[in-house]
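Ligands are counted one by one from 1 in listed order, and the atoms in each one are counted from 1 as well.
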Amino acid sequence: MLEVSGLTTRYGSISALRRVSLSVAANEIVGLIGPNGAGKTTLLSTVAGLLRPSNGEVRLDGRSVTGHSPDRMLRAGLALVPEHRRLFAQMTVAENLRIGGKIVPSDERAERLDEVADLFPVLKDKWATAAGYLSGGEAQQLAIARALMSNPRVLLMDEPSLGLAPVLVDFVFDLIGRLRSEGRTLLVVEQNATRLLEVADRAYVLRTGEMAAEGAAADLLERDDLFDTFVGGPNRPSG
Ligand code: ATP
């Protein structure tokens, strides 16, 4: 469904990604893990159209979408939950959601709002609250809800559990499973590698801009060397 091949993305003279390839099949949960600065955010941002690659290709449903704008990617069915949420702090929860649903035909917007309100009940009570006043957990839920307003077939999530209380971390990983059972396809970046590998089908390990490993999530969970070398000791599964 989503294929990335030979992708190189630069910031000026620095190549943050070098000839990176990955694929995500329809209805799969694919994880992307790796240490800080490995290029995970750069990869998601390039796929979502926020950054232009200097080389390589992104294909969605077999068609090249390389370098398409974020709006075109949304219309093609791919949405991003960005790192650090990137909400419009002065705007209300409802306004942030309406922006997320701007590509949805007007007669379907109310239905989309109802659907995300059901998924994130905490947002219902905060409809008229400015996003800047939300707690970290509420803001993260709004960031995910905003991306879901466009009813994407493919959802890219960048560190969705970062900084959340344990109960909300559970909520986020449970949600990832529920979104897949609704038929969506997910590519997820997480520092919490163990939790991600427990919910993902397959995963890729990125290190200093290059793909270092890939495989079935269950197999990668067993690979102590990955946790020691690439992902970092604290993420190691216990027991
Ligand atoms: P983290 O887990 O810390 O978010 P990451 O794996 O998502 O890391 P990226 O944020 O994609 O990594 O960064 C990859 C490399 O690109 C790093 O060396 C980073 O310093 C560099 N980089 C990221 N954004 C920029 C930028 N706007 N300008 C210049 N260099 C950047």
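- Which parts of ligand 1 touch A16 is read off a 4.0 Å heavy-atom cut-off, strictly below it: atoms 15 (C), 16 (O).
- Heavy atoms of other residues, nucleotides or ligands lying less than 6.0 angstrom from CZ of R63 number 12 at most.
- A salt bridge does not link R180 with E182: none of the charged nitrogens is closer than 4.0 Å to a carboxylate oxygen.
- Each of the following atoms of ligand 1 lies closer than 4.0 Å to a heavy atom of P35: 6 (O).
- Contact annotation for atom 31 (C) of ligand 1: protein present (non-hydrogen atoms, distance under 4.0 Å).
- Contact check on D219 versus R223 returns no salt bridge, with no Lys/Arg side-chain nitrogen under 4.0 Å from an Asp/Glu carboxylate oxygen.
- Some N or O of G39 is nearer than 3.5 Å to an N or O of ligand 1, by distance alone.
- Looking only at protein heavy atoms, the nearest one to atom 1 (P) of ligand 1 is G37 N, 3.8 Å.
- In the vicinity of T42, heavy-atom distances shorter than 4.0 Å reach the ligand 1 atoms 9 (P), 11 (O), 13 (O), 14 (C).
- Every atom of ligand 1 with a heavy atom of T41 under 4.0 Å away is listed here by number and element: 4 (O), 5 (P), 7 (O), 10 (O), 11 (O).
- Within ligand 1, the atoms closer than 4.0 Å to a non-hydrogen atom of A38 are 5 (P), 6 (O), 12 (O), numbered from 1 in the order shown.
- When atom types are taken as modelled, the side chain of T66 and the backbone of V58 share a donor-acceptor pair closer than 3.5 angstrom.
- Of the listed residues (K40, R10, E83), the one carrying the non-hydrogen atom nearest atom 4 (O) of ligand 1 is E83.
- Taking a cutoff of 4.0 Å between a charged side-chain nitrogen and a carboxylate oxygen, R98 and E95 do not qualify as a salt bridge.
- For the pair K40 (side chain) and P35 (backbone), a donor-acceptor distance under 3.5 Å is present.
- Remark: ligand 1 atoms within the under-4.0 Å shell around heavy atoms of E159 are 2 (O).
- Shown in contact with Q191 at under 4.0 Å from a heavy atom are these atoms of ligand 1, numbered in order with element: 2 (O).
- Contact annotation: for S45 versus ligand 1, there are no heavy atoms closer than 4.0 Å.
- The structure places CG of L206 at 5.5 Å from CG of L32, a figure rounded to the nearest 0.5 Å.
- Protein heavy atom nearest atom 23 (C) of ligand 1, with residue, atom name and distance: Y11 CE1, 3.4 Å.
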Stepwise, does the salt bridge (charged side-chain N to carboxylate O under 4.0 Å, His left out) test hold for E190 with R195? CA-CA 9 Å; E190 260 295 335; R195 289 297 298 270; over 6 Å; no

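- Under the 4.0 angstrom criterion, atom 20 (O) of ligand 1 counts as lacking any protein heavy-atom contact.
- A donor and an acceptor atom, one from each side chain of T185 and E28, are nowhere located under 3.5 Å apart.
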